[in-house]
A.B. asks: 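A single structure is presented below for examination.
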Amino acid sequence: MAREVKIPGPDHPITVTPTTDRVVVRAGDRVIADTTKALTLQESTYPAVQYVPIGDVDQSVLTRTGTSTYCPFKGDASYYTITGGEQLTDVVWFYEEPYEAVAEIAGHVAFYPNKVDITVG
């Protein structure tokens, strides 16, 4: 069965722009990511999401899980668990092959803000 692919437009806009500030992600006292190269994805009326280059993330604390979700605007998302302390399951997500409308987020990951501390500025 083919999945529906939706194109952002006036009823559901999506923009991806460079974040002008430094983004730091912490899990407790541990810095998980620190970058000045994040992207801000703004989708419709949802809160903006910071996408951090995977190279600016401490990958030694990431364990890929079997979890996946689907967004008709962005594609298939996969997930990581943060380990090496309190385990935070499926709190990091990424699109290995994002749809063309959000192609810039390839090679970037995002974090659930209710599970980690994300500082922009």
Side-chain angles (χ1 to χ4, degrees):
M1 181 172 107
R3 289 186 164 167
E4 181 180 16
V5 176
K6 295 183 178 181
I7 306 299
D11 293 343
H12 195 98
I14 299 178
T15 59
V16 179
T17 56
T19 304
T20 56
D21 292 312
R22 179 180 178 196
V23 175
V24 179
V25 179
R26 289 182 178 82
D29 293 338
R30 298 179 294 155
V31 173
I32 305 301
D34 189 344
T35 189
T36 57
K37 298 180 289 242
L39 298 172
T40 300
L41 186 143
Q42 180 64 59
E43 180 174 357
S44 190
T45 59
Y46 301 115
V49 175
Q50 297 300 314
Y51 278 82
V52 175
I54 189 67
D56 291 338
V57 177
D58 180 358
Q59 296 174 58
S60 72
V61 301
L62 300 182
T63 301
R64 189 165 177 167
T65 70
T67 302
S68 65
T69 56
Y70 178 71
C71 171
F73 293 97
K74 296 186 289 292
D76 290 300
S78 298
Y79 290 78
Y80 289 114
T81 289
I82 295 175
T83 60
E86 178 189 356
Q87 182 165 303
L88 301 171
T89 303
D90 291 337
V91 300
V92 183
W93 76 91
F94 64 100
Y95 294 89
E96 276 184 301
E97 296 180 18
Y99 289 156
E100 186 176 336
V102 294
E104 301 98 324
I105 65 172
H108 292 67
V109 299
F111 299 82
Y112 281 107
N114 61 330
K115 303 283 186 176
V116 296
D117 180 47
I118 302 170
T119 304
V120 180

A.B. asks: Under 4.5 Å between side-chain heavy atoms, hopping through other hydrophobics if needed: is there a path connecting Leu41 to Ile7?
C.D. replies: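 Cluster IDs for Leu41 and Ile7 differ.
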A.B. asks: Main chain of Val61, side chain of Arg30: is a donor-acceptor contact present, judged purely on distance under 3.5 Å?
C.D. replies: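 Absent.
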A.B. asks: Would you find a donor on one side and an acceptor on the other, under 3.5 Å apart, between the side chain of Gln59 and the backbone of Ile54?
C.D. replies: yes
A.B. asks: Relative to the ring of Trp93, is the ring of Tyr79 parallel (under 30°), tilted (30 to 60°) or perpendicular (over 60°)?
C.D. replies: tilted
A.B. asks: Only pairs at least two apart or in different chains count here, so list each salt bridge (Lys or Arg N to Asp or Glu O under 4.0 Å) that has a residue in residues 105-120.
C.D. replies: none
A.B. asks: Hey, could you give me the OG1/CG distance between Thr69 and Asp76, rounded to the nearest 0.5 Å?
C.D. replies: 8.0 Å
A.B. asks: Who are the ring pair (Phe, Tyr, Trp, His ring centres under 6.0 Å) partners of Phe94, not counting sequence neighbours?
C.D. replies: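 For Phe94 the ring pair (Phe, Tyr, Trp, His ring centres under 6.0 Å) partners, ignoring immediate neighbours, are Tyr80.
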A.B. asks: Okay, side chain of Thr81, backbone of Asp90: is any donor-acceptor separation there less than 3.5 Å?
C.D. replies: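 Looks like yes, one N/O pair under 3.5 Å.
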A.B. asks: State, without any angle test, whether Thr40 and Thr19 hold a side-chain donor-acceptor pair at a distance under 3.5 Å.
C.D. replies: yes
A.B. asks: Quick one: does Gln42's side chain have a donor or acceptor within less than 3.5 Å of a partner on Tyr46's backbone?
C.D. replies: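 Answer holds: yes.
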A.B. asks: Does one side chain, of Asp58 or Ser60, offer a donor that lies under 3.5 Å from an acceptor on the other?
C.D. replies: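 On atom types as modelled, these side chains qualify, holding a pair under 3.5 Å.
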A.B. asks: Are Pro113 and Ile118 packed together at the side-chain level, in the sense that at least one heavy-atom pair is separated by less than 4.5 angstrom?
C.D. replies: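 Result yes, sub-4.5 Å side-chain heavy-atom pair found.
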A.B. asks: Over 60° means perpendicular and under 30° means parallel, so tell me whether Tyr70 and Tyr99 are parallel, tilted or perpendicular.
C.D. replies: perpendicular
A.B. asks: Mind checking who shares a hydrophobic cluster with Val31, ILVMFWY linked at side-chain heavy-atom distances under 4.5 Å?
C.D. replies: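 Direct or chained contacts put Val31 with Val24.
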A.B. asks: Indicate, with yes or no, if Ile105 and Val5 share a hydrophobic cluster defined by side-chain heavy-atom contacts under 4.5 Å among Ile, Leu, Val, Met, Phe, Trp and Tyr.
C.D. replies: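 They do not share one cluster, since no chain of ILVMFWY contacts under 4.5 Å joins Val5 to Ile105.
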A.B. asks: Please report the shortest heavy-atom distance between Val116 and Ala27, naming the atom on each side.
C.D. replies: CG1-CB, 4.3 Å
